[in-house]
Amino acid sequence: MQYLDFEKPIADLEEKIEELRQISVDDEVLRPEIERLRKKADQLRASIFSNLTRWQRIQLARHPGRPYTLDYIERITDDFIELHGDRYYGDDKAIVGGLCRINGRAVMLMGQQKGRDTKARQYRNFGMANPEGYRKAYRLMKLAEKFGIPVVTLLDTPGAYPGLEAEQRGQAEAIAKNLKMMATLKVPIVTIVIGEGASGGAIGIGMGNEIYMMENTWYSVISPESCSSILWKTWDYKEQAAEALKPTAKDLLELDIIDGIIEEPLGGAHRDMDAAAAALKTTIVKSLDRLLKLDAPELVSQRIEKYASMGVWAQG
Amino acid sequence: MPEGIWIKIPTTGDTVHRRDLEENFWVDQKSGYHFKIGSKEYFHLLFDMHQYELRFEDILPVDSLKFKDRKKYSDRLEVTQKKTRLTDACRVATGTLKKREVVIAAMDFSFIGGSMGSVVGERLYQAIRLAGETKAPLIIISQSGGARMMESVLSLMQLAKTSAGLAELEEKGVPYISILTNPTTGGVTASFAMLGDIQIAEPGALIGFAGPRVIRQTIGRDLPEGFQTAEYLLEHGFIDMIVPRMQLKNKLGRILSMLDVNEPS
């Protein structure tokens, strides 16, 4: 398991415990000491994780061991049939989606997908979709609407891909069309930020009737690094930028942008993927139970009113 | 717009008298170079007799996140408001264009790079609503570096908000013409600016999702000549036409006479 910088004291302790354990498992003298250290490690973890800075949360959101869309799909669906392609250009590997069952109910599920090793990262383009990814999502959502199936979207992207061909094929147009389409989609949309929610590339599949964030995730108009490079003219102020942008789940709940925070296992979702997935599933099921009581016009007006009310201004 | 009496044309290096540019809405007659102009100039250009009524000016920006980079956002707002005499980066006005009632929203790049925060989003949303209620065609003139960083996720949500407004307008059958001027990038392009029934751009305008610098960094090579210009977008099928500024009003009048069911007043 990979430890982040701020987890070093925990890592040191666990290393020590492991050393002691290897000396002798049955040693009556060492056992109380191991127990003592283990307790200490737990306390230390609890204390460190109850006081994370925003930048530390962002590091957790990007942790290479963190569960990605397909990890969750594997754990929360009974049956998943992946659907491919936008029917215009290609099949974007950075957005996966398809039909599935969650607690027996048919759902159209999709999300950005990152890769865990170098090869997979490249294959998934680091979770950065091209226009065809957004157009695939468009197609799947309209398909869901046609058959009255609710939509669930999982957000985890460092941004829409800023490439030459992406521009050529209309990255902005693809995202804009999705936003307009989602506004009036006649079936429920539930959106959960499971990792990084970076800007237009995230919201391009994320206009949920309800929006949730996993505890250690971020959602903002720009990454702290890019924000630093533009506003401070250097990459060095990412921690300050992270504080200024207020992009964590707690921040967005306070800003009234999201509907709830999904608690992660202590130490982050990657420490116990099954537990993280179970928590995610519970939230999705409850949200769908609620939203499926609304008819199509109610769903559309709830969604439009939700987004229309977003923003803070003064009335002069 | 640049300052001074003699003004250099960036593309040719020629020097032109300010008066010549002002009389031609800041278009160089010789090269066709379009200088950036603001909402005030567009309103003058498009409304009949230069007569219009400003709307939604009572929607004003606040620093709700207490955002601070090298400067405080609240200070930035105050200084920019004084300097530009604008209250935010988008103004909305109603009036007639070729005798037809229209709602026009125009962005100002001079106000924090024409960035979209809560106020731009709300003013646009109200403009869209007004167009829907009065059945007056909507024209939005975009000029923006994208969403406003200092309002973080609130700015991001304006992409959804303005697009939701346009989805509602769609059902009402009211025309929406989007005019893209130099530059239109980021979250503005990825929402309302790309959603027009008719998409018009000014010659030479930079239009894109990501900025050229970011793309260059990503792909590690130089970008082709003319990449992300209005002409490039026309070639790749993302806009309907390029219209020089001096022909814009006539062209809009002709389009609206065919799309708009309302008789001219």
Side-chain angles (χ1 to χ4, degrees), chain A residues 159-164 166-184 197 199-200 202-204 206-207 219-222 226-228 230-233 237 240-241 243-247 251-252 255 257 300 303-304 306-316, chain B residues 57-62 64-65 67-70 87 117-119 121-122 125 146-161 163-168 170-171 185-187 189-195 207-211 214-215 218-219 223-224 227-228 232 236-238:
Chain A
Y161 187 57
L164 192 145
E167 295 288 322
Q168 203 172 74
R169 296 197 291 270
Q171 188 73 287
E173 193 261 2
I175 292 171
K177 282 270 165 68
N178 278 15
L179 295 174
K180 190 176 166 194
M181 173 275 292
M182 283 185 277
T184 51
S199 204
I203 202 170
M207 259 175 88
Y219 195 9
S220 169
V221 75
I222 191 165
S226 303
C227 180
S228 166
I230 297 170
L231 291 180
W232 279 270
K233 319 274 180 212
Y237 290 82
Q240 285 89 332
E243 288 300 313
L245 287 167
K246 299 192 168 64
D251 293 321
L252 269 74
L255 287 167
I257 298 292
V300 172
R303 199 181 300 119
I304 287 177
K306 181 187 188 81
Y307 291 91
S309 72
M310 283 185 186
V312 180
W313 62 88
Q315 204 79 33
Chain B
E57 283 290 308
D58 57 340
I59 298 164
L60 297 167
V62 286
S64 56
L65 299 183
F67 190 97
K68 186 168 172 282
D69 49 89
R70 290 178 304 170
T87 49
S118 298
V119 170
E122 176 66 10
Y125 188 76
R148 189 171 297 169
M149 274 176 282
M150 301 82 168
E151 293 184 32
S152 193
V153 77
L154 297 171
S155 300
L156 180 62
M157 293 301 141
Q158 306 311 309
L159 277 67
K161 177 171 176 169
S163 304
L166 291 171
E168 285 180 293
E170 176 91 30
E171 325 237 306
T185 60
T189 323
S191 59
F192 61 89
M194 273 293 163
L195 294 172
I207 302 158
F209 176 65
V214 176
I215 299 171
T218 308
I219 65 173
L223 302 173
F227 180 62
Q228 293 186 308
Y232 180 91
H236 287 91
F238 289 100

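Quick caveat, the model's predicted, so the values are computed rather than measured. Here is how names work: the chains are called A, B, and so on, in the same order as the sequence lines, proteins then strands, and each is numbered from 1.
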Contact part of [X] toward chain B, heavy-atom cut-off under 4.5 Å: side chain, backbone, both or neither?
X        : answer
A/Gln315 : both
A/Lys233 : side chain
A/Ile257 : side chain
A/Arg303 : neither
A/Met207 : side chain
A/Leu245 : both
A/Ile203 : side chain

Self-check item: Most contacts with chain A, counted as non-hydrogen pairs under 4.5 angstrom, among B/Thr185, B/Leu166, B/Leu65
Solution: B/Leu65

Practice problem: Select, from B/Arg148, B/Glu168, B/Met150, the one with the greatest count of heavy-atom pairs under 4.5 Å involving chain A. | Solution: B/Glu168

Practice problem: Using atom types as modelled and distance alone, determine if a side-chain donor or acceptor of B/Ser163 lies under 3.5 Å from a backbone N or O of B/Ser191. | Solution: no

Quiz item: Just by modelled atom types, is the B/Met149 backbone N or O under 3.5 Å from a matching donor or acceptor in the B/Ser152 side chain?
Solution: no

Quiz prompt | Sidechain N-carboxylate O distance under 4.0 Å for B/Lys68, A/Glu243 | solution = no

Which bit of [X] is near chain A, if near means a heavy-atom gap under 4.5 Å: side chain, backbone, both or neither?
X        : result
B/Glu170 : side chain
B/Ile219 : side chain
B/Phe192 : neither

Practice problem: Mind checking side-chain hydrogen bond (donor to acceptor under 3.5 Å, both in side chains) for A/Lys246 and listing every partner two or more places apart, or none if nothing turns up? | Solution: none

Quiz item: Just wondering, more than 12 heavy atoms not from B/Phe238 lying within 6.0 Å of its CZ?
Solution: yes

